[in-house]
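Reminder, nothing fancy here: chain letters follow the sequence lines and each chain counts from 1.
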There are 2 protein chains.
Amino acid sequence: MTDPSWNLKAGERAARLARARAALGPRLAGKRVDAGAITELLHAVLAPGDRVCLEGNNQKQADFLAGALVQLDPQQVHDLHMVQSVLALPEHLDVFENGIARRLDFSFSGPQGARLAKLVSARQLEIGAIHTYLELFARYFVDLTPKVALVAAHAADAQGNLYTGPNTEDTPAIVEATAFSGGIVIAQVNEMVDGTTTALPRVDIPSDWVHFVVQAPRPNVIEPLFTRDPAQISEIQVLMAMMAIKGIYAEYEVQRLNHGIGFDTAAIELLLPTYGESLGLKGRIARHWALNPHPALIPAIEAGWVESIHSFGSELGMEDYIRARSDVFFTGADGSLRSNRAFCQAAGHYACDLFIGSTLQIDLDGNSSTATLGRIAGFGGAPNMGADARGRRHASAAWLKAGREARAGRSGAAGTPRGQKLVVQMVETFREHMQPAFVERLDAWTLQEQAGMDLPPIMIYGEDVTHILTEEGIANLLLCRSDEEREQAIRGVAGYTAVGLARDRRMVENLRDRGVIRRPQDLGIDPRQATRNLLAARSMRDLAQASGGLYQPPRRFRNW
Amino acid sequence: MTDPSWNLKAGERAARLARARAALGPRLAGKRVDAGAITELLHAVLAPGDRVCLEGNNQKQADFLAGALVQLDPQQVHDLHMVQSVLALPEHLDVFENGIARRLDFSFSGPQGARLAKLVSARQLEIGAIHTYLELFARYFVDLTPKVALVAAHAADAQGNLYTGPNTEDTPAIVEATAFSGGIVIAQVNEMVDGTTTALPRVDIPSDWVHFVVQAPRPNVIEPLFTRDPAQISEIQVLMAMMAIKGIYAEYEVQRLNHGIGFDTAAIELLLPTYGESLGLKGRIARHWALNPHPALIPAIEAGWVESIHSFGSELGMEDYIRARSDVFFTGADGSLRSNRAFCQAAGHYACDLFIGSTLQIDLDGNSSTATLGRIAGFGGAPNMGADARGRRHASAAWLKAGREARAGRSGAAGTPRGQKLVVQMVETFREHMQPAFVERLDAWTLQEQAGMDLPPIMIYGEDVTHILTEEGIANLLLCRSDEEREQAIRGVAGYTAVGLARDRRMVENLRDRGVIRRPQDLGIDPRQATRNLLAARSMRDLAQASGGLYQPPRRFRNW
C-alpha cells in the first residue's frame with residue numbers, strides 16, 4: 001500500500017521518460033537517441049527550475065550536450081539550477097545569458113572566470129556557492145542532487161553501459177547521485193558498440209544507471225591541463241625544487257603526496273631521479289602519488305621512484321605510456337586508466353602526507369588566494385588537499401613530525417598530541433610582470449565586497465599552511481609561536497617585495513637561528529648548482545624519449 | 001613494445017586466474033564457483049604476504065568467505081595483510097590466531113575489541129593503523145590497495161554483475177580499488193540469477209570488475225545496528241534532546257546533519273514532530289540527513305520534516321518503508337536502497353553542518369574517546385564527521401555563525417573569517433554503573449602506553465568540539481577564549497562528577513552570564529515538561545504503527 005505522494009520523484013521520472021518516448025518516436029531505439037533529436041529529448045525531460053548537472057570536468061567536457069542545452073527554448077526551459085564542477089566552455093555560461101539557467105553551484109571556472117563575474121554583476125546569474133570538488137560531490141547526495149545529468153563517456157553499448165575511457169573523472173559521482181534519486185541520466189558518447197560483434201573494452205557505468213545515450217557528431221573535448229614543457233622551467237625553479245626535496249620531502253620522509261599543476265612542482269618531479277638520487281632518497285620519499293598522469297613524472301617513474309599513482313582524470317598523450325606501466329597506474333582490464341575524481345580527492349585529503357602547490361598572493365597571516373579582481377575563478381581541489389585533514393587517525397612519520405612541531409610547548413586543547421598534514425605553498429617572490437606574491441592584503445577581500453560573498457575567497461588558510469617556500473628560503477610556520485613570529489617568518493622569505501623589505505632583520509635572523517627560516521645554504525644547497533642541467537628532461541622531446549616513445553605529446557607541445 | 005617488468009601485476013593476476021581454472025576444473029563455470037570449491041579457489045588465488053580485503057562492513061558481512069579463509073592451510077597461505085573497515089565476526093580474528101594473517105589495517109572492531117587487544121599483546125597481530133572509514137578507503141587507492149578482495153552481495157548474474165541490495169556499504173570502494181590495480185575480486189552472493197529468465201533487479205557492480213562469484217549456503221549476516229527501542233529512552237534523554245533542538249538546532253538553523261547511533265540522538269529524532277513542531281521549526285531545521293535509515297526517524301519523516309536521507313548502509317526491517325518513501329531515500333529503479341559508505345562519509349564530512357554523537361569520556365580540554373582499557377575498538381566514522389572540515393568552502397547560516405563565534409576577537413591567522421562545523425558531544429554526566437563521563441585523564445592515554453600507539457586514541461579532539469551537552473546544560477566551547485575558560489565551561493556542565501564538583505563557581509556563573517554555559521531555564525525549557533509523553537513513538541510498536549506497518553522490526557525488537 002504505497003502512498004503515491006511519497007514516490008513523486010519516481011512518478012515524475014516515468015512521466016518524463018514517457019514524454020521523451022512520445023516526442024522522439026523512432027528516433028529513440030532502446031536507450032539510443034539520434035543526435036538530431038537531442039533538442040526534442042532535452043525539451044521532453046527538462047522542466048523549469050530543474051537542478052541540472054552538465055558534466056564539465058577539469059578535462060573531459062560533455063560539449064555536445066552543452067551545445068544542445070544552449071539551443072533550447074527559454075520559454076519552455078528556464079531557471080535551471082546548474083550544479084557542475086567546472087565551467088570550461090563558453091556554453092557553460094551561454095545558458096545563463098540566454099535565460100535557460102539562473103543559479104549556479106560550482107568548483108572552478110578557470111578561463112570563464114571574468115565572464116562569470118560580469119554575469120553576476122549583471123544579475124544574470126546567481127551563485128549558490130563555490131566548492132571544492134569533493135565538497136560539491138558530497139552535496140550531490142545531500143541538498144544539491146541533480147534532477148537531470150548530462151554526462152560524457154567514450155563509448156556505450158546497446159544496453160546503455162558506458163565506457164568512459166581514461167577520463168572517468170566526475171562521471172561516477174554524478175551518475176550515482178542522479179540515477180538513485182529519481183533523476184534522469186543522458187550520456188553523450190564518441191562511439192556506439194553493438195554489444196555482440198563489438199563490445200565495450202570495459203564497463204565504467206552500468207546500463208541501468210543510464211536512461212539515454214546519444215552518439216555525438218564529434219568526440220568530446222578534452223584539455224591537456226597537466227602538461228608542462230620542461231623547456232620553460234627556470235633555474236630559480238630548479239633551486240626551489242632542490243629546497244623542497246632536501247628541506248621538506250627528505251626532512252619529513254614524505255612518502256605519499258599530491259602535486260598541484262605548475263612549473264614549480266614539475267621541477268620537483270624532474271629532479272627526483274637526478275638530485276633526489278644524489279641524496280640517496282630513492283625509496284625513502286615520494287613513493288605513492290595522488291595526481292593526474294603528469295608527463296613530467298615520466299623520468300621518475302622510469303627510474304623506479306614511483307610505486308603507485310591514483311588519478312583524478314587522465315592526460316592527453318599519456319594513454320600508451322599508462323597502458324605500458326600498469327603496475328604504477330590504476331587501469332582496467334582493457335589497459336586504459338581508470339581515474340575517479342571523487343576517490344582521488346579523498347586520497348588527496350586523507351591518504352597523503354603532503355600537498356604542495358602554488359598561489360598568486362600570500363598575506364602576512366599566511367592566507368593565500370588565486371582570486372583576482374574582476375574574476376570569480378573558484379579553487380578546484382586545492383582547499384581540500386591543502387587543508388589539515390583533522391578527521392585523519394592513521395599515523396606516518398611525516399604527519400607525526402609535523403604535528404609535534406605544531407604542538408611543541410603548547411598547552412590545553414592545542415597541546416594534545418595530534419598529527420598534521422604538510423601543506424606547502426611554493427612561490428617565487430615576484431610573479432609575471434613583477435607582481436609581488438606577498439601582499440599586505442589579499443585581493444580576495446575586495447572581491448568579497450564586489451561580489452557580495454559571505455567570506456573572502458581564500459584558497460588555503462594560513463592556519464593550514466605549514467611551509468612557504470620561495471627562492472629566498474623555507475619558512476616553517478609550524479614552529480611559529482605567535483602572530484608576530486609568523487608574520488616575520490613570512491617576511492623573511494618574501495625577498496625584495498615590499499613585504500619582504502619591511503622585515504624586522506633581527507627577528508628574522510633569530511628565526512633563522514631557530515630553524516624557522518632556512519636559506520639554501522642552511523640546507524647545504526649551493527645555488528650555483530641549481531642549473532637546468534639537473535632536470536631529468538629539459539624539453540618535451542626529452543620526456544617523449546624518456547618514455548621510450550610511449551608518451552605522445554599533443555601537437556601544441558611538439559616543437560621538434 | 002611493452003616491457004613486461006612494468007606489467008607484473010597484470011601478469012600475476014593472469015597467472016592466479018589460470019591457477020584457479022586449473023584447480024577448479026568443472027567446479028568453475030564462467031565466473032561461477034561451486035561453494036564446495038571455495039577452499040581450492042582461495043588457495044589458488046592467494047599468496048603469502050598478500051594484502052587482502054575481507055569485506056567486513058558495519059552491517060553486511062562476507063561471512064562465508066571469512067569462514068573459508070580461516071580454513072586455509074597456513075603453510076600455503078600466511079602473513080596476509082588484512083585491510084578491512086570492520087572486525088565484526090570471530091573469523092576476522094581467527095585468521096590471525098591460526099597464522100594465516102599477520103598485519104591489520106582497520107576502522108572499527110566493536111565486539112572484537114577485547115580479543116583484538118589480546119592478540120596484539122601476544123604479538124599474534126600487528127596493527128598498521130586505526131582509520132576512519134573514508135580514510136581507509138582513501139588508502140585503498142594509495143598505499144593499502146588490496147591484492148584480493150572478498151566481498152558480499154545479494155545476488156549475481158551469470159556474467160558476474162552484482163546486485164548488493166540495500167546494503168551496498170563499502171563494496172564499490174573495495175572493488176574499484178582492487179579491480180583496477182591488477183587485483184582479484186571474489187564475491188559471495190545469496191542468490192544467482194541466470195540473466196535470461198531471471199535478471200538482477202539492478203546492477204551495483206559491473207561484471208568486469210568481478211572475477212569469481214560463489215553462492216553461499218546461507219544468506220550473509222547483517223546486523224541491525226541502528227535500531228533503538230524508544231521504550232528505553234529516559235526522561236533525562238528527553239530533556240537533553242529538547243536542549244539540542246532549541247539550544248543548538250534552532251539557534252544555528254541546522255539544515256543538514258548527521259546523527260550518531262544511540263538513545264540520545266534517537267530522542268532528538270523522536271522529538272522533532274512533537275517538541276520541534278511546537279517551536280515552529282518544521283522546514284527550518286533538520287531537512288537533509290546523512291545517516292542510515294534509523295527507525296526512530298520514521299515519525300519525523302511521516303510528519304514531513306525530512307526532505308532527503310543519504311545512507312552509509314541500510315537497516316534491517318526498513319526495506320518496505322524505504323521502498324514506499326523513495327522521495328526521501330536514495331533508491332534504485334528496483335525500489336530498494338542504494339547506500340554507499342564512501343559517498344555518505346564524504347557527505348557527512350563536507351555537506352553537513354552538524355555532527356552530534358555520544359562518547360564515553362571527555363577530559364578538561366574537551367577531548368573525547370570511546371577507548372577503554374583492554375580493548376582496541378577503533379572509531380568508525382565519528383572522527384571524520386566530528387572534525388572541522390577545513391577544506392570546505394561553501395557557506396551556510398549554521399557554518400558561518402559557528403565560525404563567527406569561534407573567531408570573534410581573535411587576531412592573525414586565527415582571526416581570518418572562516419566557517420566552522422558544529423560538533424556536539426551529547427552525554428549524561430554519569431554513564432552506566434555510575435561511571436563519570438567527565439574525567440581528568442582519558443583512558444586513551446593509558447591505552448596508548450599499553451598498546452604502543454603513536455598517539456592516544458582520541459575519537460574527537462577538543463579543538464573540533466563546539467558544544468558539550470549534558471542534562472545540566474550546554475557548554476559552547478566556540479565562545480571560550482582561553483584554556484581556563486574552556487576547562488570551566490566543561491566543569492560547568494559536568495554535574496556531580498568529580499570534575500563537575502571541582503568547578504570555580506564564580507567563573508562558571510560568569511560564563512553563564514555570557515551565554516557560554518546555558519541551563520535549561522536559560523533556554524526557556526522547563527525540565528518538568530521533559531517527559532516521555534513528548535516522544536512521537538514510545539515503543540517499537542509505535543514505530544511500526546507510525547510507518548503504516550511498512551517498518552518490520554527484527555524479531556529481537558518485537559515485544560508486542
Side-chain angles (χ1 to χ4, degrees), chain A residues 2 6-10 129-132 134-135 137-139 141-143 180-181 202-203 206 208 256 288 290 310 324-327 330-333 338 343 346-347 349-351 365-367 383-384 387-388 390-395 400 411-413 416-418 454-455 461-464 483, chain B residues 2 6-10 129-132 134-135 137-139 141-143 180-181 202-203 206 208 256 288 290 310 324-327 330-333 338 343 346-347 349-351 365-367 383-384 387-388 390-395 400 411-413 416-418 454-455 461-464 483:
Chain A
T2 298
W6 289 99
N7 296 286
L8 295 174
K9 288 182 186 169
I130 308 178
H131 310 74
T132 60
L134 188 56
E135 185 185 347
F137 303 157
R139 291 190 75 188
F141 291 93
V142 177
D143 62 336
F180 290 98
S181 63
R202 72 172 190 245
V203 174
D208 50 337
R256 297 173 286 157
H288 299 283
H310 189 260
R325 298 292 177 269
S326 64
D327 285 354
F330 281 74
T331 56
R338 164 84 180 190
F343 278 128
H349 187 68
Y350 269 136
D365 294 322
N367 297 314
N384 170 62
D388 186 29
R390 295 165 78 101
R392 174 172 165 178
R393 291 295 179 273
H394 78 275
L400 288 170
S411 65
T416 306
R418 190 169 183 172
D454 291 308
L455 295 174
Y461 282 85
E463 285 182 318
D464 288 314
D483 291 343
Chain B
T2 299
W6 289 100
N7 296 286
L8 295 175
K9 286 183 189 170
I130 308 178
H131 309 73
T132 61
L134 188 58
E135 184 185 347
F137 304 156
R139 291 189 75 189
F141 292 92
V142 178
D143 63 337
F180 290 99
S181 63
R202 71 172 192 243
V203 174
D208 51 335
R256 297 173 286 156
H288 299 282
H310 188 261
R325 297 291 177 270
S326 65
D327 285 354
F330 281 73
T331 56
R338 164 84 178 191
F343 278 128
H349 187 67
Y350 268 137
D365 294 322
N367 297 313
N384 170 62
D388 186 30
R390 294 165 78 101
R392 173 172 165 179
R393 290 296 179 272
H394 78 275
L400 289 170
S411 65
T416 306
R418 188 169 185 172
D454 291 308
L455 295 174
Y461 281 85
E463 284 181 319
D464 288 314
D483 291 344

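Ranked by non-hydrogen atom pairs under 4.5 Å with chain B, the options T132(A), I130(A), D454(A), T416(A) are led by T416(A). The candidate with the highest count of non-hydrogen atom pairs below 4.5 Å against chain A, out of A333(B), A10(B), A347(B), is A347(B). Top candidate by heavy-atom pairs under 4.5 Å with chain A, chosen from H131(B), R202(B), H310(B), E463(B), is E463(B). In terms of heavy-atom pairs under 4.5 Å with chain B, the best-connected choice from A351(A), A346(A), A387(A), A413(A) is A413(A). For the set P417(B), A129(B), G366(B), the count of heavy-atom pairs under 4.5 angstrom toward chain A peaks at P417(B). Residue with the most contacts toward chain B among H288(A), R390(A), K9(A): R390(A) (heavy-atom pairs, distance under 4.5 Å). When each of S181(B), G462(B), P383(B) is checked for heavy-atom pairs under 4.5 Å with chain A, P383(B) comes out on top. Interface check for chain B: of the options G332(A), A395(A), P206(A), A290(A), the most heavy-atom pairs under 4.5 Å are formed by P206(A). Contact tally against chain A (heavy-atom pairs below 4.5 Å) for Y350(B), F343(B), F180(B): the top residue is F180(B).
Interatomic distance, OG1 of T331(A) versus CZ of R325(A), reported as 12.5 Å (0.5 Å rounding). Note: H394(B) NE2 to E135(A) CD = 5.5 Å, rounded to the nearest 0.5 Å.
Of the atoms belonging to N367(A), it is side-chain heavy atoms, and not backbone ones, that fall under 4.5 Å from chain B. Heavy atoms of R256(B) lying under 4.5 Å from chain A belong exclusively to its side chain. Of the atoms belonging to L134(B), heavy atoms from both backbone and side chain fall under 4.5 Å from chain A. For D208(A), the part sitting under 4.5 Å from any heavy atom of chain B is the side chain, from C-beta outward, and nothing else.
Salt-bridge check for D388(B) with R418(B): failed, with every basic side-chain N at 4.0 Å or more from each acidic carboxylate O.
Annotation: side-chain hydrogen bond (donor to acceptor under 3.5 Å, both in side chains) contacts of D483(A) (sequence neighbours excluded): S411(B). Annotation: side-chain hydrogen bond (donor to acceptor under 3.5 Å, both in side chains) contacts of Y461(B) (sequence neighbours excluded): none.
Side chain of H349(B) to main chain of N384(B): a donor-acceptor pair is present (N/O by atom type, distance under 3.5 Å, no hydrogens or angles).
Here the shortest heavy-atom pairing between S326(B) and N7(A) reads OG-OD1, 2.5 Å.
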